[in-house]
Amino acid sequence: MKRALPILVVLVVLLAAIATANPHFLEPAGFLAFLKRAAPLVILAAGQYFVIVSGEFDLSVGSLVTAEVVIAARLIDGEEPATWPVIALLIVIGLLVGLVNGVVTTKLRVPSFIVTLGMLLILSGAVFLWTGGAPRGALSEGFRTFGRGSLGPVPWSVLILLAMGAAAIWLMRADFGKTLMATGDNERAASLSGVRVDRAKIFAFMLSGLAAAVTAILLGGFAGVSAQVGQGLEFSAITAVVLGGVALGGGRGSVPAAMAGAFTLEALFTLLNLYGISGALEFTVQGVIIIAAVAAGAIRLPRTFTPRRGDAHAAS
């Protein structure tokens with residue numbers, strides 16, 4: 001919890017600023033609406049956290065979200081009975097994409113940056129080829145309920161967020177979390193200690209794919225069907241994770257901090273919109289945050305002592 005404290009302070013300040021600009025924000029309906037908007041990014045950031053803390057990247061999640069929304073609309077085509085089979089298929093697709101990313105990264109020793117960038121291009125090209133740039137079909141009302149419906153006063157997206165967040169925290173406190181953290185901190189040392197590094201990383205990529213599938217289900221209901229629905233989400237998720245203090249090199253960070261980073265990013269964008277600042281600046285803000293977070297992490301890391309030539313001779 002201590003790791004999440006700095007970003008939680010920033011989040012509270014941003015929420016206070018939003019409440020000042022919009023007094024209705026802290027009312028139950030207004031705050032639940034904020035949580036509903038933030039839920040997809042928070043879930044995606046939690047999935048990205050597993051990959052980043054293991055020392056890897058997943059750049060494919062945005063295109064995976066888009067592909068899954070487009071696939072869902074095409075297969076359901078407004079037919080209610082197809083809702084649950086398609087949801088199950090989306091989950092399987094997310095896991096399979098994560099599995100492919102993980103296997104190619106670990107078994108073929110291809111850098112995850114290249115693997116997931118390639119997957120991003122493959123999925124984007126496949127979606128464009130299938131749709132011609134104009135998605136067809138329609139989502140059923142049952143499918144859209146998860147993104148825009150509610151159970152009583154609480155939106156389904158918030159309930160799903162709570163369940164996913166609790167599962168992510170439990171996983172990181174279990175043996176898997178310790179294994180993943182050790183892998184990201186020092187892969188060779190973890191391997192020599194008997195840790196199954198490849199298996200841990202593959203599972204992390206699969207969790208990221210699962211998070212992307214759930215995000216697609218929520219965004220499909222909330223934002224509708226579009227060939228750009230997931231555009232840029234991979235960068236937003238990475239920004240949220242580093243904003244939460246998770247080291248891009250792996251081995252440091254916590255799930256609550258990564259999720260708080262996603263809430264903070266959403267709060268920042270909400271505040272910018274309230275003051276009429278162009279949404280085009282969102283990518284600029286994300287770029288500044290990533291550079292600043294990485295630079296701050298590098299400053300905090302202890303410098304490695306390299307003996308001078310004279311010192312080495314003296315020691316011998």
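In this chain, residues are counted from 1 in sequence order. In this text the structure is predicted, and so the values were computed from the model without any measurement.
Partners of F57 according to the ring-ring contact (aromatic ring centres under 6.0 Å, His included) rule, which considers only residues two or more places apart in sequence or in another chain, do not exist here. Qualifying ring-ring contact (aromatic ring centres under 6.0 Å, His included) partners for W84, counting only residues two or more places apart in sequence or in other chains: F146. Taking F235 as the reference, nothing meets the ring-ring contact (aromatic ring centres under 6.0 Å, His included) condition, with sequence neighbours excluded. Every residue was checked against the side-chain hydrogen bond (donor to acceptor under 3.5 Å, both in side chains) condition with S63, not counting sequence neighbours, and none meets it. Partners of F222 according to the ring-ring contact (aromatic ring centres under 6.0 Å, His included) rule, which considers only residues two or more places apart in sequence or in another chain, do not exist here.
Note that CD of E56 is 8.5 Å distant from OG1 of T106, once rounded to the nearest 0.5 Å. Put simply, CG on L139 and OG1 on T83 are 8.5 Å apart, with the number rounded to the nearest 0.5 Å.
With no hydrogens or angles considered, no side-chain donor-acceptor pair links S54 and T183 at under 3.5 Å.
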Counting only pairs under 3.5 Å, give me each side-chain donor-acceptor contact of residues 115-124, with atom names and distances, residues two or more places apart or in other chains.
unit_1, atom_1, unit_2, atom_2, d
T116, OG1, L59, N, 3.0
T116, OG1, S112, O, 2.7
S124, OG, L120, O, 2.8

Could you pull out all donor-acceptor pairs under 3.5 Å where a side-chain atom in residues 158-170 meets a protein atom, sequence neighbours excluded?
none

Donor-acceptor contacts under 3.5 Å from residues 187-197 side chains, at least two apart:
unit_1, atom_1, unit_2, atom_2, d
E187, OE1, K201, NZ, 2.8
S193, OG, A189, O, 2.8

I'd like a table of donor-acceptor pairs (distance under 3.5 Å, sequence neighbours excluded) in which one partner is a side-chain atom from residues 71-79, with atom names and distances.
none

Got a list of side-chain donor-acceptor pairs under 3.5 Å for residues 33-41, not counting sequence neighbours?
unit_1, atom_1, unit_2, atom_2, d
K36, NZ, R148, O, 3.0

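Evaluation of the ring pair (Phe, Tyr, Trp, His ring centres under 6.0 Å) test over residues 177-204, restricted to residues two or more places apart or in two chains, returns F176-F203. Sorted pairs that involve residues 86-115 and meet ring pair (Phe, Tyr, Trp, His ring centres under 6.0 Å), not counting sequence neighbours, are lacking altogether.
Residues Y49 and F205 do not share a hydrophobic cluster, defined by chaining ILVMFWY side chains whose heavy atoms lie under 4.5 Å apart.
Between F143 and L90, some side-chain heavy-atom pair lies under the 4.5 Å cut-off. With contacts defined as side-chain heavy-atom distances shorter than 4.5 Å, the pair M172/K178 does not qualify.
Ion pairing of D198 with R109 is present here, as a side-chain N (NZ or NE/NH1/NH2) and a carboxylate O approach within less than 4.0 Å.
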Audit row: L210, M206, side chain to side chain contact (heavy atoms under 4.5 Å, CB included) steps and yes/no:
CA-CA 6 Å; L210 174 63; M206 292 179 70; over 6 Å; no
